[in-house]
Amino acid sequence: MLMTSSLDPIALDAAHVLQVYRRAPVVFESGNGCALYTHDGDRYLDLISGVGVASLGHGHAGLARAIADQAARLLHTSNLFHHPLQAELAAELATLSGLPRAFFCNSGAEAVEACLKFARRFWHAQGTPRAKVVAFDHSFHGRTAGALSVTWDEHYRAPFAPLVPGIVFVSPLDTAAIAAAITSDTAAVIVEPIQGEGGVRPLPAAAAAAIAAGCRRTGALLIADEVQCGLGRTGRAFYSEALGLQPDLMALGKALGAGVPIGAAMFSDRVAAAAKPGDHGSTYGGNLLACRAALVFLHELTANGLMDHVARTGAYLERGLRALASRQPAITAVRGAGLMWGLEIDRPAAAVVDGARERRLLINRTSDTVVRLLPPYVITETEIDEGLPLLEAAIASAVEAPRT
Ligand SMILES: Cc1ncc(COP(=O)(O)O)c(C=O)c1O
């Protein structure tokens, strides 16, 4: 039985939900693959997948069966006891990432928190505590206090100051500044291999080389925040690979549970060796339901060829976006990889997002002028062919509208 209220969900939200989101005035009740449906049966093509989360699309039969089976069997026991799925998931993530140990939590921000804490824990265990963290202009790492402290945008930070001290921001375009910022008191450098919320900006190769050199020179640990760009989103397991980076710690989330909340922090042996029972924890972290969903996702990604599918459809999407940009001068840059793309446009992107939604296409914007696409990994070329003309029409009508 679907439990729906007769009350208007938008009015109820306005009355009772903390107003921290600018939600679009649309209510979805079901989904199938890359399609989302409203109560009235209106179909929308979803090219944002709940901000990179619905990796297997909506209503995935295998995931639904596994979740139902797990719900009937056992959902949660806490981390007071062992269960059969958490260590299995940790082992699979270790194989995929090359980082042998996992801590499970419930979100990307929590994964970042765990990375920041254990970077400090490592230096504390060495007997030479280090607190400084180097982060990057345009970074976004989450909304909890630690993750917010390494998030660049003043707009997110200012209302909550003072944040964690000792954070130094540098431009990813300035290799000399990167080299100067990483010093012998730097505990860690935290980087998104492709910045997501900051405007879909792949880390330049020169910045990656400067980071790797700085970490080698000073011993500073490298934290890769792969929450948005990792886990197959770009057609490879992690985008740090593409940059030749070898992180000591990695933050994961979003796609991992395919819609069931789960985050993970991955650690190298030497960082993990500093961890002692009681150092960190989470009541829900890595429970049976979340681990079961993540195991289904990883099975699809690796054994069932989904990562190759992302690489193929990602290349197809890239060709379509570049062709669109060549016809539409308002698009000043096309950035991304695989199924993670940003179109920089020469005006506020909100009108494009609204225009797309009016055409039953779901996308969003990051920073003010970037239109972002994060489709489900299961998207087909036919669906890309359906979506791109809608996107082009939305851009064309935003361009024709008088600037406000
Ligand atoms: C790179 C990156 N790190 C961390 C986060 C925070 O994840 P969550 O919203 O699951 O806490 C996000 C969310 O957008 C992200 O893109």
Side-chain angles (χ1 to χ4, degrees), residues 18 20-23 48-55 97 103-117 119 133 135-153 155-157 160 163-164 167 169 172 188-203 211 222-234 238-240 242-243 245 247 249-266 282 284-286 290 293-294 297 335-342 363-367 370 372-375:
L18 191 71
V20 292
Y21 300 112
R22 272 189 216 93
R23 298 184 209 270
I48 194 63
S49 66
V51 201
V53 167
S55 44
S97 67
F103 171 81
F104 291 106
C105 49
N106 313 289
S107 67
E110 283 182 48
V112 168
E113 291 290 335
C115 289
L116 293 171
K117 279 183 73 175
V133 175
F136 290 90
D137 295 0
H138 300 288
S139 64
F140 182 92
H141 297 289
R143 315 282 193 147
T144 54
L148 188 58
S149 302
V150 288
T151 290
W152 176 74
D153 194 332
H155 172 75
Y156 295 135
R157 302 162 54 88
F160 305 101
L163 295 170
V164 175
I167 315 298
F169 288 98
V189 178
I190 182 165
V191 66
E192 292 160 87
I194 302 179
Q195 292 182 333
E197 304 305 304
V200 190
R201 298 168 199 273
L203 187 73
I211 292 167
L222 178 59
I223 304 172
D225 182 344
E226 295 262 5
V227 167
Q228 190 164 144
C229 64
L231 291 167
R233 165 66 60 192
T234 64
F238 300 102
Y239 202 74
S240 21
L243 296 169
L245 290 173
L249 306 95
M250 201 185 262
L252 304 177
K254 289 197 185 281
L256 182 57
V260 176
I262 180 169
M266 304 301 299
S282 164
Y284 286 123
F297 163 70
R335 294 190 294 260
L339 291 177
M340 176 174 186
W341 289 98
I363 52 175
N364 88 332
R365 72 179 167 90
T366 72
S367 62
V370 179
R372 176 172 53 175
L373 280 69
L374 290 171

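All ligand and atom numbering here is 1-based and tracks the order in the structure. Because only heavy atoms are used, hydrogens play no part in the values below, and waters and symmetry mates are left out as well, while side chains stay in. Keep in mind it's a predicted model, so treat the numbers as computed, not measured.
Side-chain contact between R233 and E226: absent, with no pair of heavy atoms (C-beta onward) separated by less than 4.5 Å.
Sorted by chain then number, the residues whose non-hydrogen atoms approach ligand 1 to under 4.0 Å are S107, G108, A109, F140, H141, G142, E192, E197, D225, V227, Q228, K254.
The existence of a salt bridge linking R372 and E197 is confirmed by a sub-4.0 Å separation between a basic side-chain nitrogen and an acidic carboxylate oxygen.
For F297, the ring-ring contact (aromatic ring centres under 6.0 Å, His included) test picks out Y377, with sequence neighbours left out.
Using bins of under 30°, 30° to 60° and over 60° for the plane-to-plane angle, the ring pair W152/H138 lands in the tilted bin.
Counting non-hydrogen atoms of other residues, nucleotides and ligands closer than 6.0 Å to OH of Y284 gives a total of 12 or fewer.
Looking only at distances, a side-chain donor or acceptor of K254 sits under 3.5 Å from a matching main-chain atom of V51.
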